[in-house]
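The structure displayed is predicted, hence computed values, not measured ones.
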Amino acid sequence: MERNRKILFLRIIFAALLVFVAMLAFNFFPFLVKFKMLIYIVPYLVVGYDVILRTCKNIVKLKFLDENALMFIATVGAFFLKEYLEAVFVFLLYQVGELFQNFAIASSENNIKDIMAIRPNYANLKQKGSLNRVNPEVVNVGDVIVIKPGEKIPLDGVILSGGSYIDMSAMTGESNHLNVGPGDRVLSGSLNVGGVLEVCVEKKYKDSAVSKVLSLMENINNKKSKTENLIRKFAKIYTPCVVAIGVLIFVVPVMFFNGVWEVWLEKFLIFLVISCPCALVISVPVSFFLAISKAAKNGILVKGGIFLEQLFNVNTVIFDKTGTLTTGDFFVSKISNENFSKEEILEVVALVEVNLNHPIAKSIKKAYNKELDIGRVKNIEDIFGKGVKAFVDGREVFVGNLKLMNSIGIYSCKDFELGTTVHVAINGKYAGYIALQDKIKENVKSVIKKLKQNGIEKTVMLTGDRKAVGEHVASKINLDCAFCELLPHNKVEKLEYFLCENSSNGKKVAFVGDGINDAAVLKRADVGLAMGAIGSDAAMQACDIVLMDDDIKKVLIAILISKKVVRTVKQNIFFSLSFKAVIFLLGVFGLTNVWLAIFSDVGVSILAILNAFIAFRGRFYLK
Ligand code: ADP
Ligand code: MG
């Protein structure tokens, strides 16, 4: 890419120099004018040989009428008119436009490359007391690796020994240092800033966070935006039509009305050059590419331009509660026990939750904060939206909400008045509960307000949690409505209600969740945004936009980026079409020439790209 760009640059400079020298030469040695065509054909080929080659290739493949062909026909026409300099300039300026586009793409590729730099090159594998540098792909689950200060963490795992700071900015776009120590999980792709860490590997490289993110980045361009596809289709029909009309413009007056062929050939050329859809064809994908890379820089991975377009049309944003609006980092506010000690209750619940990733499970394990013997737990069953069932030391244990208790015939229990209550039943008998409390993320309220200011008409919460808790959260942050005590399939039904409501007005519905118990909703929404999803495969697959950490502000940034890109594309389309229309009208009245047409075409392309550049320059700060 970079090499091609350099070569293109040199070709443009070289051709321009040749033209300059030729012009001087004609001044000083007038006899050379006789060889004008031969002399100008050199810069013409230098700068345009690839366009000619592409046209020829397309002719051989019988798909000859694209913008290359337009350019080529225009230059050949100019040669017929003995306007050699014009012919050279059509190519020269066209290539300047190409170079520009190249730069735009390269700069956004650099953004994406920055993120790709998370790819780890090696892992220090501990084998029989010695440390070997190996390819991360050969490391197995259970192996022990050592990460020195300044090194990238190559694989996901649990810290065995050592303490350090972890910098996740390459993945999340946010530079905060996380303090970690023994027992903490580390994700591949982050940077070890502080001390030496010994980590027990939990996932093969291909399943690790870093390789998931990388494969996502590699597949970004597969889903073209609708505008992009539309323009492409449009150009396919449009170009042959233009050539056909152009030929008529030339042939009809000359054949039937005694027109002077030079005059009408010139009009034909002007028409061709004006009609070249370059600016449109170039600027739309460049704008989307710039937007996607800007998003990536902010820790937002958009799976394709089409989702930015959808996001632009969103008027309803639906949130999951736990882990999305609230931190999901519960603390135990009360343990109520019947036939067991409080310590026993906590231990049993922690054991049942041992394998789960639900925020409740994580928080209870954190509260218990002791080694858990997995051998004591059998047949763990995640009962979505209700809780968990498992056998601990041979006893049947149910852990979850009132719905779960009711489903096994226990009706005597009541929820603690504050927060989320996790009830426990052991061998069919009620054993007590653990009351948990969660905090609303601190910036949620202001983000919701800004969403409203930016055209989001409805903000909604769906939660599996009890009504008291859900409605409390919703009113604290001024949501428009909240639906509580939903099972995962109820969440899909509610979402469908909103999709239905919008079916007539073309507006879209976005869902923001963490992928735990809501992957189905993420998938069903027009745009699914998964937050803090680097750890969770299901969420990353089900969603359209991955928010690399769990900062809710990223939802707003994604929406702002989508507004910006769609607006920029609209401006560019409007601008280039109206500009061309003006030049075309001038052409009809004989007030323009090929030169003006060439300049306007290239000028419009460059301005369009510049416009996109300006829209996405700098970091995306929030007002
Ligand atoms: P949310 O919609 O708030 O993310 P979920 O659908 O994940 O909630 O869960 C709904 C309810 O189910 C929780 O409020 C909790 O009462 C219960 N629950 C779910 N998973 C668990 C678990 N692992 N342990 C205990 N209770 C759980
Ligand atoms: Mg959830």
Centre-to-centre under 6.0 Å for Y94 and F72, is that the case here? no
Should we count CG of N258 as having more than 12 external heavy atoms under 6.0 Å? no
Check the surroundings of atom NZ in K204: do more than 12 heavy atoms from other residues, nucleotides or ligands lie under 6.0 Å from it? yes
Is the closest side-chain heavy-atom distance between [X] and [Y] below 4.5 Å?
X    : Y    : answer
L92  : I12  : yes
N611 : T568 : yes
T316 : E457 : no
E151 : Y122 : yes
W264 : K267 : yes
I456 : N315 : no
V210 : Y205 : yes
I39  : F26  : yes

Mind checking the [atom1]-[atom2] spacing from [X] to [Y]? Nearest 0.5 Å is all I need.
X    : Y    : atom1 : atom2 : answer
L99  : L93  : CG    : CG    : 12.0 Å
F616 : F288 : CZ    : CZ    : 9.0 Å
N192 : I166 : CG    : CD1   : 5.0 Å
I545 : Q310 : CD1   : CD    : 9.5 Å
D544 : L311 : CG    : CG    : 9.5 Å
R11  : E98  : CZ    : CD    : 10.0 Å

According to the interplanar angle, ranging from 0 to 90°, do the rings of [X] and [Y] count as parallel (below 30°), tilted (30 to 60°) or perpendicular (above 60°)?
X    : Y    : value
F575 : F579 : tilted
Y40  : Y84  : tilted
F79  : Y44  : perpendicular

Considering all heavy atoms, the nearest [X]-[Y] contact:
X    : Y    : value
V254 : W261 : CG2-CA, 3.8 Å
G304 : I292 : C-CD1, 4.0 Å
A519 : A542 : O-CB, 3.6 Å
D207 : K212 : O-NZ, 3.3 Å
I52  : L45  : CD1-CD2, 3.9 Å
G97  : I609 : O-CD1, 4.4 Å

Give a yes or no on whether the backbone of [Y] and the side-chain of [X] come within a donor-acceptor separation of less than 3.5 Å.
X    : Y    : value
Q95  : V47  : yes
N572 : A608 : yes
K563 : N454 : yes
N298 : I300 : no
R617 : I614 : yes
K303 : C543 : yes
D526 : A510 : no
D156 : S188 : yes
S211 : K206 : yes

Checking F14 against F9 for the ring pair (Phe, Tyr, Trp, His ring centres under 6.0 Å) test, could you report, in this order, the C-alpha distance in whole Å, the side-chain angles of both residues, the deciding distance, and whether it holds? CA-CA 9 Å; F14 186 52; F9 180 70; over 10 Å; no
